[in-house]
Amino acid sequence: MQNIMSLKRFCFLFIFVTAFAHANEETKPEAGDLKTEIKEYISHHLLDTHDFGLYSYVNDAGEHIHIGFPLPVILWDNGLQVFSSSKLNHGESVAEVNGNYYKLYHGKIYKTNAEGEIRYDEHHHAANYKPLDFSITKNVLVIFLVGLLIFFMFGRMAKSYKNDALPKGMGRLLEPIVLYIRDDIAIPNIGKKHYKRYMSFLLTVFFFIWIINLLGLTPLGVNVTNNIAVTFALALLTYLITTFTANKNYWGHIFWMPGVPWPMKIILAPIELLGTFIKPFSLLIRLYANITAGHIVLMSIIGLMFIFKNWLGSSLSFGLAFVLALLELLVAALQAYIFTMLSALYFGSAVEEHHHDSH
Amino acid sequence: MEKLIEQFSLGLFFWQLVLFVVLVLLLKKFAWKPILDAVEKREEGIKGALESAEKAKLDMQNLQADNQKLLKEARAEREEMLKEARDIKNKMIEDAKGEAQAQANKMIAQAQSAIESEKKAAIAELKTQVANLSIDIAEKVIREELSNKDKQEKLVASMLGEAKLN
Amino acid sequence: MTIPNIVGAGLIVIGAGIGIGRIGGQAMEAIARQPEASGKIQTAMLIAAALIEGIGFAALFAA
């Protein structure tokens, strides 16, 4: 009972701080249009950045002050170019590295001349040369840290089994989840015979997505799973594992569907083949879209508090934001669950044994 | 869609792929395998313990059933023995009775025959004594009778008369 | 965003909303009818809802 109470209190505090911190970042004493500013802030918040910004504001002199720390920029431009992102200065100055000039424009690094001139094409897109960017961005750092966190969490849990059959500490909380993934996701969908091969991926993907989603709700302002590149990488792994572990039966179902007349088989083959790509594609879009939509809605409602500027509207917005933040906590876990569940479903179809003779 | 493709960051994709694959492999070696193995071992242990408990219960039941059976058998045996003993007793009594009867009959028969022979002997004796007595009496009578001639002739005549009748 | 795009997106959202709503409603009915199978029903419901959602999002991004 005590634990539940303190957990509730913790959740409340957590959400309050989240909302407050997001809100805090938006209060810029500026005369400009608040609505556009909030919009810009939200779209900026959703993007990956080359530095780890915690807080930024505009001071009285009209200068942008960024609080945070720079991260290494790694570019492939006729050789490896490594420099600190402080040189880019949030796109406000041109970085000079080994005689090359780079400028940050809308979150991307472009190669420019010494003046930092950006040329545009007819669609008003930057037409400068874009070097291959392998920078350790904020999201890469967060991915790395979350990986480290998961590794330590489960490494410790694994160690606690050495002396005792029962887990200790964190393991007590984590073990039911691990068992849930094994007993309610992997085994029913993949089958008892093959599930062990996929457990590592399923467990890692579940905890990775869940923790990183939860981290997106903290005031740190990190958003990893709302990057299409991240979800694409995860879905690609699901696709590759499905494809490379698939048995004859799986391919048989795709190219020569059993139990239908042959003209149908010819029609079905491309559809089924397309389906194998659509399945992981829907995975990546779902995760991306849910998290992005959640962040946009939550932040818009927090932004509404400052647009209303009266106690009724603002407090209503606050209540709504509070409820939505709770919903987002659920969504964070739900999306991780669905990603894992559907991955398991696809793996299961890949290793399914032949049993359609009766059809 | 266009916006999505534009937003796609190759660097982030690359890092995510690399870090995630490394994470999966590391976790597989250092976390998932030991955890799942330990859990499985534990579950197996619990299963084994439950099974052996079930087996022990079954054994116990069997043992109890055996005991029950044994008890029943023993009871039946006892019953049997008692019945047998009773039968033997009855038979013995029966036999003894029969024997006693036979003995008694025999003894009675003996006694009867003894009585019979005694009786015969007694009768014989009595007969001889009676004869002797008769002879004595007769002698005496005759002696007395024969002391006078007249009487003798009379007697002979009566005797002759009697003898004619015989 | 042009007007047809917005209208299309709205239609998609309505369609997906009706679909997911129906799934949720039917699942609840099913749970009410067979409370002991609620775990299985929930799983099936989530998968079905996720599939519709996926189509909805795909169409939304295409719009």
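Chain naming here is simple, since letters A, B, ... match the order of the sequence lines and numbering starts at 1 in each. This is a predicted model, so every value here is computed, not measured.
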**Fill in**
Looking only at A/Ile338, A/Leu334, A/Asn290, most heavy-atom pairs under 4.5 Å shared with chain C are made by A/Asn290

**Asked** chain C heavy atoms under 4.5 Å from A/Leu287: which part of the residue, side chain, backbone, both or neither?
**Response** neither

**Item:** Interface residues of residues 20-35 of chain C facing chain A - heavy atom cut-off under 4.5 Å
**Value:** none

**Request:** Sort A/Leu345 into side chain, backbone, both or neither according to what part of it lies under 4.5 angstrom from a heavy atom of chain C.
**Result:** side chain

**Fill in**
Residues at least two apart in sequence or cross-chain that pass ring-ring contact (aromatic ring centres under 6.0 Å, His included) with A/Tyr250, listed by chain then number, are none

